[in-house]
There are 2 protein chains.
Amino acid sequence: MSEPTHPAADIDDVDRSILKILQSDGRTALSEIARRLDMGSATIHERVRTLEEHGFIREYRAVLDPELLGIDEVAFVNVEANPGRFAEVGERIAEHRSVQEVHELTGAADLLVKVRVRGREGLSDFLSTLGEYDGVQKTSTNVALRTVKEESRLDLNGDD
Amino acid sequence: MSEPTHPAADIDDVDRSILKILQSDGRTALSEIARRLDMGSATIHERVRTLEEHGFIREYRAVLDPELLGIDEVAFVNVEANPGRFAEVGERIAEHRSVQEVHELTGAADLLVKVRVRGREGLSDFLSTLGEYDGVQKTSTNVALRTVKEESRLDLNGDD
DNA sequence: AATGAAAGCTTAACGCC
DNA sequence: GGCGTTAAGCTTTCATT
């Protein structure tokens, strides 16, 4: 078995079509997908099961409106971590319930942390908590004035 | 403690329970939600319909694995825009299919752009495209070496 | 708002190709 | 791998409270 350049080679056009449909509407009925792709619904059922099993589909989720729920502030915090404690500090921060993203960046010895909180008060509470974490040396915060786009959809047309 | 003025006050505990369930598994059957909350499934159906209509639930999505699909690089690009053309430039950038997030930040006259691309080649292609956009003055890019957490789930326990 | 009941659809499991 | 069938389960509507 020869390894492909990238694992996406493991899936075919039908799989990609299924993924596109479910990425756009995660509640689409299997029977509806079958209709659109002109295949039997038992076939689609089996394809989707395999895509889930192999991890191409990680989960299904309702996407909620943060502003309507009062979780109205987005901020990006650059965290300078004690060198050598990068991974550990990042994982600790990731456990916090307001933290949506933690990335280890190239360049400076920095973590980039995205948080969503309730108001400026929520942000300042978060920053206090963060400052007390072991291994956190310095933080610098940028608040979003306006979020123009915020989307986790992937572009599946890259290798058409 | 008086009631805050945020719109979350429009929903009750049952709604919040429904949102939590659907945020964790967007394909949960309405009848299953009804069972868990010990209510009729017609009631849950109506509640969910209203939550959708009022915009608390924006959409349903399958969450795909970017690495398995070959979309393996994450980068954050700080874009310095021509002052006064902020909004316009941000919206233009947001249209690009590799762009997942665009935020207008406080402080410097900066946009923060999150992209997901196929390899370093995809990144350099993106940066070339970006550099040619009208109103983009300067960009500076940070590539993620490792993504520790990447999650769009909201913490709904904030006002319990 | 919430409910039970009923009609129509959907899923999931089967055996067959 | 793909398909049709079928039983069980789900969604959606509606009359009732």
Side-chain angles (χ1 to χ4, degrees), chain A residues 1-65 68-70 156 159-160, chain B residues 3-65 68-70 156 159-160:
Chain A
M1 38 190 156
S2 67
E3 263 306 302
T5 319
H6 60 260
D10 285 332
I11 64 170
D12 65 13
D13 286 345
V14 174
D15 289 327
R16 245 186 300 276
S17 297
I18 292 172
L19 292 177
K20 281 185 200 170
I21 291 169
L22 288 174
Q23 189 177 220
S24 292
D25 180 0
R27 286 195 83 114
T28 312
L30 303 183
S31 55
E32 169 64 19
I33 300 175
R35 233 170 273 132
R36 286 195 217 164
L37 303 184
D38 199 23
M39 298 179 86
S41 80
T43 305
I44 299 300
H45 181 252
E46 176 57 18
R47 290 266 195 161
V48 170
R49 206 198 52 73
T50 306
L51 287 167
E52 288 168 359
E53 187 181 287
H54 290 178
F56 289 95
I57 297 172
R58 281 196 189 149
E59 58 187 337
Y60 299 91
R61 168 97 49 82
V63 179
L64 310 183
D65 187 298
L68 284 181
L69 293 162
L156 297 185
D159 47 14
D160 272 356
Chain B
E3 263 311 302
T5 50
H6 63 64
D10 286 331
I11 64 170
D12 65 13
D13 286 346
V14 174
D15 289 326
R16 245 186 301 276
S17 297
I18 293 172
L19 291 177
K20 281 185 199 169
I21 292 170
L22 287 174
Q23 189 176 222
S24 291
D25 179 0
R27 289 199 82 127
T28 312
L30 303 183
S31 56
E32 168 65 19
I33 299 175
R35 232 171 275 129
R36 288 195 216 165
L37 302 184
D38 198 23
M39 298 178 87
S41 79
T43 306
I44 300 300
H45 181 253
E46 177 56 17
R47 291 267 194 160
V48 170
R49 205 196 54 72
T50 306
L51 288 167
E52 289 167 358
E53 188 182 285
H54 290 0
F56 289 95
I57 298 174
R58 281 196 188 147
E59 59 185 336
Y60 298 91
R61 269 226 314 278
V63 178
L64 310 183
D65 187 300
L68 285 180
L69 293 162
L156 297 185
D159 45 15
D160 270 359

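Within every chain, numbering begins at 1; the chains are lettered A, B, ... in the order of the sequence lines, protein sequences first and strands thereafter.
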Chemist: Please list, in 5' to 3' order, the outermost nucleotides of DNA chain D lying under 4.0 Å from any heavy atom of chain B.
Modeler: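 Endpoints of the contacted stretch of DNA chain D: D/dC10 to D/dT13.
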Chemist: Kindly calculate the angle separating the two end axes of the helix from C/dA1-D/dT17 to C/dC17-D/dG1, each obtained from five base pairs, and round it to 10 degrees.
Modeler: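 The two end axes of the helix from C/dA1-D/dT17 to C/dC17-D/dG1 meet at 30°.
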Chemist: Answer whether the closest heavy-atom distance between the side chains of B/I18 and B/L37 falls below 4.5 Å.
Modeler: yes
Chemist: Heavy-atom distance under 4.5 Å between the side chains of A/L69 and B/F56, does that happen here?
Modeler: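 A/L69 vs B/F56: side chains touch.
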Chemist: Going by salt bridge (charged side-chain N to carboxylate O under 4.0 Å, His left out), name the residues that satisfy it together with A/D65, two or more places apart in sequence or in a different chain.
Modeler: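 Salt bridge (charged side-chain N to carboxylate O under 4.0 Å, His left out) list for A/D65, sorted by chain: B/R58.
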Chemist: Using every non-hydrogen atom in the two residues, find where A/S41 and A/S31 come nearest and quote the distance to one decimal.
Modeler: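 In terms of heavy atoms, the two residues are closest at CB-CA, 4.0 Å.
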Chemist: Between B/R61 and A/D25, is there a salt bridge with N-O shorter than 4.0 Å?
Modeler: no
Chemist: Within a strict 4.5 Å, meaning less than it, do heavy atoms of the A/L22 and A/I33 side chains meet?
Modeler: yes
Chemist: Does A/D12 form a salt bridge (Lys or Arg N to Asp or Glu O under 4.0 Å) with A/R47? I'd like the steps, not just the answer.
Modeler: CA-CA 11 Å; A/D12 65 13; A/R47 290 266 195 161; 2.8 Å; yes
Chemist: In Å and rounded to the nearest 0.5 Å, what is the CG to CZ distance from A/L51 to A/R16?
Modeler: 10.5 Å
Chemist: Measuring from atom OG1 of B/T50 to atom CD of B/E52, what distance do you get when rounded to the nearest 0.5 angstrom?
Modeler: 9.0 Å
Chemist: For B/R27, what residues pass the salt bridge (charged side-chain N to carboxylate O under 4.0 Å, His left out) criterion, not counting sequence neighbours?
Modeler: none
Chemist: Does anything in residues 35-53 of chain A come within less than 4.0 Å of DNA chain D? Heavy atoms only, and list the residues if so.
Modeler: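 Heavy-atom contacts with DNA chain D come from A/M39, A/G40, A/A42, A/T43, A/R47.
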Chemist: What parts of residues 22-33 of chain A reach DNA chain C, counting only heavy atoms under 4.0 Å away?
Modeler: A/A29, A/L30, A/S31
Chemist: Sub-3.5 Å donor-acceptor pair from the side chain of A/S24 to the main-chain atoms of A/I21, do we have one?
Modeler: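 Looks like no, no N/O pair under 3.5 Å.
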Chemist: Take B/D10 and B/H54, measure what side-chain contact (heavy atoms from CB on, under 4.5 Å) needs, and give me the verdict at the end.
Modeler: CA-CA 10 Å; B/D10 286 331; B/H54 290 0; over 6 Å; no
